[in-house]
Amino acid sequence: MRIIVLLGPPGAGKGTQAARLAADLGLAHIATGDLFRANVAAGTELGRLARDYMDRGALVPDDITLRMLLERLAEPDAAGGAVLDGFPRTRGQAEALDRALAARRAGVEAALYLEVPEDVLLARLADRWICEAAGHVYSHAARPPRVEGRCDLDGSPLVQRADDRPETVRARLARQLGPLAEVVAYYQGTGVLRRIDGTRSIEAVAAALRTALGSAQGARPATSGSRAGGPAA
Ligand code: AMP
């Protein structure tokens, strides 16, 4: 089972890059934010629990998040592994993930960290629009829709996420940068961290991620206890 973690603050481009990397590698793309939003939309118990935290720009508690992630990882499309997007967001989640993977004789192959300065993040998030029907992402700067205010793919209206509004964005960034730094330090310690400049174009960042992944695989110590190398079955 290949587990690749994509790290970065909100607005760093994790979602775009994770979807692409997962498709390229034939792995599942698991975005905890998307899982929470789907639960909120479906009105599940989990969605009700998560909603208050999400609307405030706060992190959902680790136990709730971890349970949801592990259930998703157990689904058939993730049997070969996954690119994790938006998880882990705290050191506790990172440690719990390592424990859960160790029990399956697996480990995190690489933690790819998209670095983007705060002023760039604020500008990007203020200009992030998603389609109401399916969550396709647009921005006037990087990916403008062909018809203003409408999704190219399904024609549904483009809206801002409640937690992308300016008053919430600053709170989200402030609350998430501290825990993110701890997660980065954790993976630095376990030796799987790779830093990538996330300010470049989508294509350039995608290429840098693939290169970093190649070097992460090459650099993985034989004694790490993670999977033994070579492609996943
Ligand atoms: P995202 O789409 O990744 O920005 O996530 C949206 C919101 O979902 C976050 O602001 C959190 O409230 C919640 N969330 C997503 N992933 C996690 C996580 N790993 N831990 C805690 N909360 C999360």
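Just follow the structure's listing: the first ligand is 1, and inside any ligand the first atom is 1.
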Tell me whether Arg89 forms a cation-pi arrangement with Phe87, defined as NZ or CZ under 6.0 Å from the six-membered ring centre and within 45 degrees of its axis. no
Look at Glu71 together with Arg67 and state whether they make a salt bridge at an N to O cut-off of under 4.0 Å. no
Quick one: OG1 on Thr65 to CZ on Phe36, what's the gap to the nearest 0.5 Å? 3.5 Å
Can a side-chain donor-acceptor contact be found between Tyr186 and Asp98 if the only test is distance below 3.5 angstrom? yes
Distance col, row Leu177:CG vs Glu182:CD, nearest 0.5 angstrom, shows 12.0 Å
Sub-3.5 Å pairs, protein N or O with ligand 1 N or O:
residue	atom	partner	partner atom	Å
ligand 1	2 (O)	Arg37	NH1	3.0
ligand 1	2 (O)	Arg37	NH2	2.9
ligand 1	2 (O)	Arg161	NH1	3.4
ligand 1	2 (O)	Arg161	NH2	3.4
ligand 1	3 (O)	Arg89	NH1	3.3
ligand 1	3 (O)	Arg89	NH2	3.1
ligand 1	4 (O)	Arg89	NH2	3.4
ligand 1	4 (O)	Arg161	NH2	3.2
ligand 1	4 (O)	Arg172	NH2	3.0
ligand 1	5 (O)	Arg89	NH2	3.3
ligand 1	10 (O)	Gln176	NE2	3.4
ligand 1	12 (O)	Ala58	O	2.6
ligand 1	16 (N)	Thr32	OG1	2.8
ligand 1	16 (N)	Gly86	O	3.4
ligand 1	16 (N)	Arg89	NH1	3.4
ligand 1	19 (N)	Gly86	O	2.8
ligand 1	19 (N)	Gln93	OE1	3.1
ligand 1	20 (N)	Gln93	NE2	2.9
ligand 1	22 (N)	Val60	N	3.0

Arg194 side chain vs Leu112 backbone, donor-acceptor pair below 3.5 Å: no
